[in-house]
Amino acid sequence: MGRQNKQKMKKCYKKSIWPSALLFIIFLGSCVGLVILFVTAFQGFLIDEKIADIQEDAANLGRMIEFRMQKNNLSDAVSSLEEYMQEENDVCITDENYQILRSFRNHVPDFKRVENITIFESYRVVPELDPTQANGEQKLLITYRELLKRSLNALEHSNFEDPRWLEEPLFHTNYWVEVPIRLPGYRLYYRDSVTIFQKNVFYMNVAILVELLLLAIPTLLLFMNVVSSVAMQKRMVHLLYQDPVTGGKNWSYFLERSKKILCQLWNTKHTYAIVNLHMIRYQDYCACYGSKEGEELLKKIDGFLKISIGRGETFARFAKADFGLLLRCASPQQCEKRLKKMLVELTGVKKDKMMSFCAGIYLLRPAANWKRMQRRQIDIDQIYHFASAARGTMRGKEGEYIKIFDQQILQEQIWKNKVEETMEAALLNEEFQLYLQPKYHPVTEKIVGAEALVRWISPTDGMIPPNRFIPIFEENGFITKLDDYMILAVAKLQSEWKIQGRRQVPISVNISRVNFVKEDLAEHICHLVDSYGADHAAIELELTESAFFGNKDLLQKILKELKMYGFHISMDDFGAGYSSLNSLKDLPIDVLKLDMDFFRGDGAKQRGEIVVKETIRLAKALHMKIVAEGIERKEQVEFLAEQGCDMIQGFYFAKPMPIEEFNERVEREL
């Protein structure tokens with residue numbers, strides 16, 4: 001899965017959770033706020049209602065006094081007050097220093113502690129001292145918490161069969177309120193009280209409990225929704241990071257987890273190794289035992305690695321039978337030793353099956369203090385491919401199973417990247433040049449044919465030999481475009497020779513085995529050659545021996561079509577691998593090209609000559625021509641001439657050369 005797709009999916013998961021979580025937080029906060037508001041409103045309902053009564057009584061009393069005052073005469077005001085207060089609250093009059101001048105009824109305020117006077121809603125209020133209090137103080141107001149505590153204490157001693165238990169007082173206080181009057185030097189106070197009963201608190205508590213129950217249901221539902229969303233996210237993340245074959249972690253997890261481990265501050269001082277662990281011939285294993293058995297094997301490998309990987313390390317399957325590992329190492333030697341042990345133990349995962357493994361390593365050295373942030377820029381995927389490239393250099397090397405990525409491999413990787421970046425432009429700019437290596441008759445020593453070879457002449461790197469780019473093209477598939485380019489170049493050359501009246505020498509062109517998966521290959525080659533009007537018989541299509549071990553039915557069909565179009569077919573490098581005589585029997589081959597290794601080395605010269613002699617005899621019996629390549633010595637030419645070899649190609653006669661030089665050689669023979 002691409003990194004951008006993975007990030008988009010993560011954002012999608014977060015978006016699916018945050019709305020529920022945010023709604024839950026908002027709703028929970030609203031519930032708490034409503035409860036607080038409800039309690040505050042309750043306390044305000046009990047107290048503020050009485051305060052409103054205080055304000056109203058004080059205002060009425062003040063207006064009455066002012067209305068009855070005449071010329072600010074105190075005696076008139078007092079007479080009016082006595083008449084008004086016959087059945088009303090206690091009232092008293094003081095001077096500016098709170099000395100009582102006159103009082104009505106039996107109670108008088110205590111102004112000894114003037115600091116008790118409280119400014120409350122623009123009115124002066126004097127709490128009346130309670131002699132039962134230890135400190136002699138009386139509260140003017142009471143909190144809901146204190147009321148609730150008193151209510152619970154009262155409930156413990158209440159008789160619920162008596163309906164009057166709700167009328168039990170929980171709080172009572174007396175106070176004196178100053179009435180604003182326009183009499184300079186005098187103050188007027190009247191006495192009032194506040195009483196809160198059990199029923200006030202009980203009914204309010206019932207209302208609060210009902211409210212909490214009503215709010216608890218949606219709160220619980222929202223909480224369950226958040227929990228469900230979190231659980232769903234964990235399941236989705238698990239699926240996102242799960243390998244469908246092994247059931248373990250996949251490559252996306254490895255990339256993210258490895259980056260996290262490497263970037264941790266306490267890990268920057270350690271050496272880490274990113275390893276490409278590869279099972280050799282896994283496809284052969286699946287071919288023998290079936291794909292299902294192959295998947296079971298991968299699960300066992302995954303289980304083994306899970307046990308072998310320590311804390312602060314990780315692993316995951318990359319593809320097929322390739323696993324990526326992040327290992328902490330004390331040194332390169334310790335890393336190799338540990339991996340060797342793992343490779344040996346892995347061979348015993350299936351005790352009744354023979355298996356072998358190899359590994360490529362890329363070492364990440366400890367980062368200096370000022371370079372610790374550089375690990376954040378590490379591309380884990382690219383480093384893994386470096387480790388894979390190191391493992392790839394062991395291909396075909398017996399007895400070598402572990403390889404550490406080094407500068408040489410890095411240079412080869414850089415060169416590969418450079419080739420792949422420039423190959424398309426090089427093809428368009430015709431940097432690939434057609435070179436010809438003559439084929440000579442061993443007796444007449446005259447040119448009887450040629451092989452088309454490609455040379456890359458780069459404006460920056462000069463002449464690039466084929467072994468520096470052909471393997472890369474075969475790996476990335478660009479070889480098919482190069483094959484078409486070379487066929488067109490040979491067809492163009494043959495057409496020019498025909499128009500110029502020159503001698504038309506048959507030229508063989510290599511066709512990569514990659515092309516032989518196209519059912520219309522014969523028609524495609526015919527179309528390329530016909531675009532220049534070249535003779536089909538003048539072009540020989542050369543196949544490597546490895547091409548004959550693919551889809552034999554399709555290969556046979558393509559070769560028969562090419563023969564029908566008039567092309568000649570040759571088998572290149574015969575004897576380089578495990579040659580199949582069935583290929584000579586079943587396929588329409590015109591030319592057999594002996595591999596140069598037959599003519600190298602002196603240890604088995606006699607046996608080699610016997611093989612060459614019998615191969616030539618077999619080819620003659622099958623009406624095939626024989627070409628021997630890689631010939632460098634005169635005695636080799638003489639031996640091949642005695643055996644009836646048709647053509648010789650090699651440095652003994654000529655190296656590959658440009659077209660102009662080849663034309664000059666042909667003209668000199670006329």
Side-chain angles (χ1 to χ4, degrees), residues 432-442 444-457 463-467 469-471 473-474 479 482-497 502-513 515 525 528-529 534-547 562 567-576 589-599 619 624-632 636-637 640 645-666 669:
F432 297 104
Q433 297 294 316
L434 174 63
Y435 271 52
L436 299 175
Q437 186 173 25
K439 298 176 183 178
Y440 285 83
H441 192 280
T444 63
E445 296 189 353
K446 298 288 186 181
I447 296 176
V448 291
E451 180 181 3
L453 301 172
V454 64
R455 295 293 182 269
W456 186 354
I457 303 177
M463 175 80 75
I464 303 174
N467 62 346
F469 60 88
I470 292 294
F473 291 172
E474 288 177 341
I479 191 68
L482 185 62
D483 285 352
D484 290 352
Y485 180 86
M486 292 298 292
I487 291 172
L488 286 171
V490 171
K492 180 182 179 182
L493 180 61
Q494 290 285 13
S495 178
E496 290 176 352
W497 283 348
R502 293 176 179 270
R503 176 189 169 194
Q504 285 187 270
V505 178
I507 300 176
S508 61
V509 185
N510 287 283
I511 306 297
S512 173
R513 64 173 295 177
N515 287 285
I525 292 175
L528 293 176
V529 174
D535 295 334
H536 294 185
I539 297 177
E540 181 183 306
L541 303 175
E542 200 169 285
L543 289 72
T544 59
E545 186 188 37
S546 59
L562 289 171
F567 295 101
H568 293 288
I569 309 297
S570 67
M571 179 189 286
D572 191 15
D573 297 333
F574 182 80
I589 300 171
D590 300 300
V591 181
L592 201 62
K593 203 169 185 182
L594 296 177
D595 184 66
M596 62 181 68
D597 286 341
F598 279 118
F599 308 100
M624 298 179 185
K625 291 185 178 181
I626 288 289
V627 179
E629 63 177 344
I631 305 304
E632 299 177 352
Q636 294 173 337
V637 177
L640 291 169
C645 182
D646 298 291
M647 289 171 278
I648 291 177
Q649 178 182 343
F651 286 2
Y652 177 79
F653 286 109
K655 296 180 180 180
M657 60 190 69
I659 296 173
E660 295 78 10
E661 185 178 342
F662 181 84
N663 288 337
E664 292 175 2
R665 287 206 175 204
V666 173
E669 293 181 355

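- Note that the CG atom of Leu541 and the CG atom of Leu562 stand 5.5 Å from one another [nearest 0.5 Å].
- Screening Ile569, Asp572, Ile589 for a side chain to side chain contact (heavy atoms under 4.5 Å, CB included) involving Leu543 leaves a single residue, Ile569.
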Verify side chain to side chain contact (heavy atoms under 4.5 Å, CB included) between Val666 and Trp497, making sure each step is shown before the conclusion. CA-CA 12 Å; Val666 173; Trp497 283 348; over 6 Å; no

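- The shortest non-hydrogen separation linking Met657 to Arg665 is CE-NE, 3.6 Å.
- The backbone N or O of Val637 sits nowhere less than 3.5 Å from a side-chain atom of Tyr652 that would complete a donor-acceptor pair.
- Minimum interatomic distance between Leu528 and Leu488 (heavy atoms only, all atoms of both residues): O-CD2, 3.5 Å.
- One side chain, Ser508 or Lys439, offers a donor N or O that lies under 3.5 Å from an acceptor on the other.
- Considering CE of Met486 and CD1 of Ile479, their distance stands at 9.5 Å, rounded to 0.5 Å.
- Listed for the Gln437 side chain is a donor-acceptor partner under 3.5 Å among the backbone atoms of Ala654.
- Here the closest heavy-atom approach between residue Asn663 and residue Arg502 is recorded as CB-NH1, 3.8 Å.
- In this structure, Asp646 contributes its side chain and Ile626 its backbone to a donor-acceptor pair below 3.5 Å.
- Under a 3.5 Å cut-off, the side chain of Asp483 and the backbone N or O of Ser512 do form a donor-acceptor pair.
- Between Ala534 and Ala491, the shortest heavy-atom distance links the atoms CB-O, 3.5 Å.
- Residues Pro466 and Arg455 come closest through the heavy atom pair CG-NH1, 3.1 Å.
- To the nearest 0.5 Å, atoms CD1 (Ile659) and CG (Leu493) are separated by 4.5 Å.
- Annotation: the span from Glu669 atom CD to Thr444 atom OG1 amounts to 8.0 Å, rounded to 0.5 Å.
- Ring-plane geometry between Trp456 and Phe473 is classed as tilted, the angle between the planes lying from 30 to 60 degrees on a 0 to 90 degree scale.
- The shortest heavy-atom contact between Phe567 and His536 is CD2-O, 3.6 Å.
- Although no hydrogens or angles enter the test, the distance criterion places a donor-acceptor pair under 3.5 Å between the side chain of Gln494 and the main chain of Ala538.
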